[in-house]
Amino acid sequence: MAGDKLDFLTGVLARQRDAFTAARPEGLSVRKDRIKRAIALLKDHADPLCQAMSADFGNRSPHQSLLTDIAGTVGAGKYCLKNIERWTRTERRKVQFPLGLLGARAEVRYEPKGVVGILSPWNFPVNLAFGPLMQVLAAGNRAMIKPSEFTERTSELMAELTPNYFAEEEVAVITGGPDVAAAFSSLPFDHLVFTGSTATGRRVMEAAARNLVPVTLELGGKSPVIMGREADFAKAGERIALGKMLNAGQICLAPDYLIVPEDKEAEAIAGLSNGASAMYPTLLDNEDYASIVSDRHFERLQGLVADARDRGAEVIEVNPAGEDFGSANVRKMPLTILRGVDDDMKVMQEEIFGPVLPVKTYRAVDEAIDYVNAHDRPLGLYYFGTDRAEQERVLTRTISGGVTTNDVVFHVSMEDLPFGGVGPAGMGSYHGIEGFREFSHARSTYHQPKIDVAGLGGFKPPYGAATVRAAKTMMGK
Ligand code: NAD
């Protein structure tokens, strides 16, 4: 990367940090005003942003973008405005007896960290850049955003619009490819939020470690759906198809594979197929159904299906209108269900991130639990069924970033729930009070009374009998 781009990045960071330091302490009204400006940017330019996303994907429904990227992100901002007073309140903490009686006080102050870097992916290009931004601003920080190069038009538009709403020292959007991203992740931020793949997340964390920059990593993984014997397979199929086909499966939380009771496999596949066909009776010219973002991503997905087929999987394409995908040049792919998969197939080894859905079977639900536990901890886990005991068994014997029962993906839309991964699916979280705290420094503050606490407590040399008495009291003897 050209040295002048790195100099530019370093310069923006320095200017933001200087402005941050000079302006402290900033009242809550300043933070609220920044959140309101971020909301205004999204609302004022909803249409061009949605158009840019459609153009970047080749096809992506502007209605979908309005819902997922504009309204969803405005909602996150409004949630911050509603809760900011409560979140920022200083918390009184206990002091050990008898310090309280002597006038000592302890408290935790939630203070801004400084300048937070935000590296975001292409799949929800506005939401995953401006969503974290809302809580970064709520916590009183400044922000530099590097959105994805795969959604170039959207990223350029965000970079163009931001200076109309924010001074560069408040929020700056910097565009560029992987070289700029790599340089960005090596900057000595006060915190870095990365949303993207596990492989890139590892590189980002390595780069951040050199400066001991704390990171929030929102990564991906293979989120399983475990279907109980008592599940309503028709309803479940529809909900899974909706979650899997939204954004053509290019969602970090998309159901990656299903595990169903052996004797219910046909019912489960019929439920999926009917659900998909009802929502998307046609696909190629259907604006509601998104394209795969790039040729490279499209070929990877085709490769996963071909590899599974070569290794013996049955491939079921849900193509209700019998359209000819082979000669269409639109990077669209029907929901492709794979039966008879095993772990030798690539599709069971990597996150799918597209409309391909392998179905595995189990005889006893513990086999499904054991399968999940034998693999990387997933970002999401889904259980369908009405058997509460079975549901609890699944939840208490597995580990995942989050869970939705009797549906998929939904937990991320609950603003009050922290959203994040565990293990290879990521670390840290945002949304909820946890997100505010993630971007804040919990500063312990202790106020000593006038009285000579150290002298009274035997902590002051010369040590002697009072010291021994104090130690014994502390040990409870
Ligand atoms: P990606 O890892 O390829 O790219 C994400 C960002 O990283 C981009 O801005 C890119 O410019 C940047 N980048 C590329 N190379 C880099 C490097 N060497 N150093 C630093 N940054 C670099 O991810 P993607 O393909 O854009 O997104 C898909 C992945 O993101 C999937 O794995 C998905 O599960 C995950 N994801 C996770 C969440 C979540 O909230 N957990 C949300 C959406 C997507």
Side-chain angles (χ1 to χ4, degrees), residues 1 5-6 9 56-57 68-69 72-73 76 117-132 135 144-152 154-156 158-159 173-187 189 192-210 213 215-223 246-256 292-294 296-298 300-301 350-354 376-380 400-402 409 411-413 417-431 435 438:
M1 189 192 61
K5 189 84 183 191
L6 182 58
L9 291 173
D56 278 330
F57 273 78
T68 57
D69 280 82
T73 318
I118 301 175
L119 262 168
S120 55
W122 52 263
N123 61 331
F124 292 101
V126 176
N127 187 317
L128 296 171
F130 275 71
Q135 284 199 308
M144 288 170 66
I145 303 174
K146 207 307 271 170
S148 173
E149 61 278 13
F150 279 102
T151 37
E152 205 179 349
T154 313
S155 298
E156 287 302 337
M158 290 192 286
V173 176
I174 292 107
T175 57
D179 51 347
V180 175
F184 189 92
S185 63
S186 72
L187 296 176
F189 289 114
L192 181 59
V193 193
F194 170 80
T195 306
S197 61
T198 299
T200 313
R202 194 170 278 123
R203 282 203 292 262
V204 167
M205 191 166 172
E206 275 169 15
R210 274 179 235 128
V213 173
V215 287
T216 305
L217 299 179
E218 300 284 353
L219 311 177
K222 294 183 79 60
S223 301
L246 177 72
N247 217 29
Q250 301 164 108
I251 311 184
C252 56
L253 276 173
D256 192 274
I292 304 305
V293 74
S294 76
R296 184 163 68 76
H297 291 81
F298 185 74
R300 188 185 69 85
L301 289 166
E350 48 188 83
E351 180 184 5
I352 296 172
F353 220 60
D376 282 349
R377 289 179 176 160
L379 184 61
S400 68
V409 185
H411 61 278
V412 67
S413 58
L417 285 177
F419 172 61
V422 61
M427 61 184 71
S429 55
Y430 67 104
H431 298 193
E438 182 92 355

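None of these values were measured; they are calculated from a predicted model. Whatever order the structure lists them in is the order used to number ligands and atoms, beginning at 1.
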Distance to 0.1 Å, residue and atom name: give those for the protein heavy atom nearest to [atom].
{"atom": "atom 17 (C) of ligand 1", "answer": "Thr200 CG2, 3.8 Å"}
{"atom": "atom 13 (N) of ligand 1", "answer": "Ala181 CB, 3.4 Å"}
{"atom": "atom 34 (O) of ligand 1", "answer": "Glu351 OE2, 2.5 Å"}
{"atom": "atom 18 (N) of ligand 1", "answer": "Arg203 NE, 3.2 Å"}
{"atom": "atom 35 (C) of ligand 1", "answer": "Gly196 O, 3.1 Å"}
{"atom": "atom 19 (N) of ligand 1", "answer": "Ala182 CA, 3.6 Å"}

Enumerate the atoms of ligand 1 whose separation from the nearest heavy atom of [X] is less than 4.0 angstrom.
{"X": "Ser197", "value": "1 (P), 2 (O), 23 (O), 29 (C), 30 (O), 32 (O)"}
{"X": "Pro121", "value": "24 (P), 26 (O), 27 (O), 43 (C), 44 (C)"}
{"X": "Gly220", "value": "34 (O)"}
{"X": "Ser120", "value": "6 (C), 8 (C), 9 (O)"}
{"X": "Ser148", "value": "9 (O)"}
{"X": "Glu218", "value": "37 (C), 38 (C), 39 (C), 40 (O), 41 (N)"}
{"X": "Glu149", "value": "10 (C), 11 (O)"}
{"X": "Trp122", "value": "24 (P), 25 (O), 26 (O), 27 (O)"}

Determine yes or no for a side-chain-to-main-chain donor-acceptor pair under 3.5 angstrom, with [X] supplying the side chain and [Y] the backbone.
{"X": "Asp376", "Y": "Pro424", "result": "no"}
{"X": "Gln135", "Y": "Pro132", "result": "no"}
{"X": "Ser223", "Y": "Gly380", "result": "yes"}
{"X": "Thr200", "Y": "Gly196", "result": "no"}
{"X": "Ser400", "Y": "Pro378", "result": "no"}

When the aromatic ring centroids of His297 and Phe353 are compared, is their separation below 6.0 Å?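 Distance test on ring centres: not under 6.0 Å, no.
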
Looking only at heavy atoms of Phe353, does any of them come nearer than 4.0 Å to an atom of ligand 1?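 Yes.
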
For ligand 1, indicate whether the residue Thr198 contacts it via side chain, backbone, both or neither (heavy-atom separation under 4.0 Å). neither

Taking 4.0 Å as the limit for heavy-atom contacts, which would you say applies to Thr195 with ligand 1: side chain only, backbone only, both, or neither?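 The answer is both, backbone and side chain.
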
Tightest non-hydrogen contact, residues Ser148 and Ser155, listed as O-OG, 2.7 Å

Are any non-hydrogen protein atoms located under 4.0 Å from atom 4 (O) of ligand 1? no

If the plane angle is over 60° it's perpendicular, under 30° parallel, otherwise tilted; pick one for His411 and Phe419.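 Taking Phe419 first and then His411, their aromatic rings sit tilted (interplane angle of 30° to 60°).
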
Could you tell me whether Arg300 and Glu350 make a salt bridge, using a distance below 4.0 angstrom between a side-chain N and a carboxylate O? yes

Between the candidates [options], which shows the shortest non-hydrogen contact distance to [atom]?
{"atom": "atom 42 (C) of ligand 1", "options": "Cys252, Gly426, Gly176", "value": "Cys252"}
{"atom": "atom 7 (O) of ligand 1", "options": "Phe194, Phe419, Phe184", "value": "Phe194"}
{"atom": "atom 44 (C) of ligand 1", "options": "Val412, Asn123, Thr151, Thr175", "value": "Asn123"}
{"atom": "atom 43 (C) of ligand 1", "options": "Ile352, Leu219, Thr216, Leu128", "value": "Leu128"}

Quick one, [X] and [Y] - any side-chain contact, counting heavy atoms below 4.5 Å?
{"X": "Phe194", "Y": "Met205", "result": "no"}
{"X": "Leu9", "Y": "Ile174", "result": "yes"}
{"X": "Ser185", "Y": "Leu192", "result": "yes"}
{"X": "Phe124", "Y": "Thr73", "result": "no"}

